[in-house]
Student: 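The structure is given below, and queries will be raised subsequently.
Note that the coordinates shown come from a computational prediction; the quantities given were computed from them, not determined experimentally. Letters A, B, ... mirror the listed sequences (proteins, then strands); counts begin at 1.
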Amino acid sequence: MPRQIPHGYAPLSRRQRVWDLPVRVVHWLLAGLIVFSWWSVHNHHTDWHIWSGIAILTLLIFRLLWGFFGSSTARWTGFIRGPRGVVDYLRGRWYGIGHTPLGALSVVAMFLALAVQVGLGLIAEDEDGLFFGPLSILVSTDTSDWARDLHETWFETAILGLVGLHLAAIIFYRVRGKSLTRPMITGDAALDSRAQPMRPGKWWVALICLAVALGIARWVVAGAPGLPH
Amino acid sequence: MRIRFVAAIAVVSLSAAGVAVAALPKNKALAIMHARHEGMEKIGDTNKLIHRELASSSPFAPAVKSGAATIAALAKQSSGWFPAGTGPEMGKTGAKAEIWQNQKDFAARLAVFQRAAVTFNAAAASGDMTATKARYADLIGTCNSCHDKYRMDMHH
């Protein structure tokens, strides 16, 4: 007969895999590219800034696909939970692996915020008419200028806000004795013994997802030929 | 009284001349800065239109032609846009103070831009789209060469 164990005192099994390699690589590349995008656009490297955005686009497409065909902890359906799931988690009744129901909300928000940011950047142009997002030719100059302003505002509000929340959550859990950073580096974490182990995705599926992402990004860089101008 | 007033003005002008930013009265400086801003903005807006035409599969030649003429005319005017005393110390501007610290370099870059604008205008007038695109890329290069060093963000 299972003994009732209060949350926080659950027996932790030995360290096991929680984040697969694609999830970790995407995470750290995104973190690096967000910093690089910010730095480059403030240091007269708008061309690098645009390429950084294209790289982020590629990562987002890959991650979207990996969320359907990847490891169990990478899948959208694996971690997106309704309000009841979030409440259960907050009451200490969650014994899963991977993103917590609350953390999942943050993941989805970050993904959507970055998608909006990339979308705005793709159709934006700079003030001086010297740099253009690859899809700016599909819209009017007024729309492009509007997109640039919003691109900037969106970064300063939504993106920085979510990054701040993300870092605050890491500190919060760290203070409570749980490192979120280490598993995102090594891929392994000590898990609640009641948790289902991660079902890893296939490496060749990851390659297909990457190929599709690169193909779509290339098409976007070319100005999305085939779409009406 | 009157003599003292005149003397005061003389002292002020002399000390102003001493820092080499003399001569340009404030209202004139601000007028030049305004004209510069309007002119640069017009060049930027024209760039946005030309870029769209040249990126299109069938560029509308008359639009490129008139845009090239607009930029060439404004480029010619730009010689008078950067007199000493129209820097950030005078008012809101995208022009960095470095322009007046490296006047020789700045003047050289501005001249390269002006020549590129003339060459681009000639190419656009000829109707040769391949040459027009190449000369336009050259022109944009000259804009960037200056902006990287001497232009600062001025929005917000």
Student: Please list every donor-acceptor pair under 3.5 Å in which a side-chain atom of residues 203-210 of chain A meets a protein atom from a residue at least two apart or in another chain.
Tutor:
none

Student: May I ask you to decide if the ring planes of A:F36 and A:W48 are parallel, tilted or perpendicular, using 30° and 60° as cut-offs?
Tutor: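 Rings of A:F36 and A:W48: parallel, under 30°.
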Student: Below 4.5 Å from any heavy atom of chain B, which atoms of A:S140 appear? Answer side chain, backbone, both or neither.
Tutor: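 A:S140 touches chain B through backbone heavy atoms alone.
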Student: Give the member of B:N144, B:L49, B:I140, B:I43 that has the highest number of heavy-atom pairs under 4.5 Å with chain A.
Tutor: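 Looking at each of B:N144, B:L49, B:I140, B:I43 in turn, B:N144 comes out on top.
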Student: May I ask you to decide if A:A104's main-chain N or O and A:R81's side chain share a donor-acceptor pair within less than 3.5 Å?
Tutor: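 Checked: no pair found.
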Student: With only heavy atoms counted, which part of A:N43 is less than 4.5 Å from chain B, the side chain, the backbone, both or neither?
Tutor: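 Answer is neither: A:N43 stays 4.5 Å or more from chain B.
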Student: Between B:K48, B:E41, B:R151, which has the largest tally of heavy atom pairs under 4.5 Å with chain A?
Tutor: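 Highest number of heavy-atom pairs under 4.5 Å: B:K48.
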Student: Could you verify whether a donor N or O on one side chain and an acceptor N or O on the other, from A:T141 and A:E125, lie under 3.5 Å apart?
Tutor: no
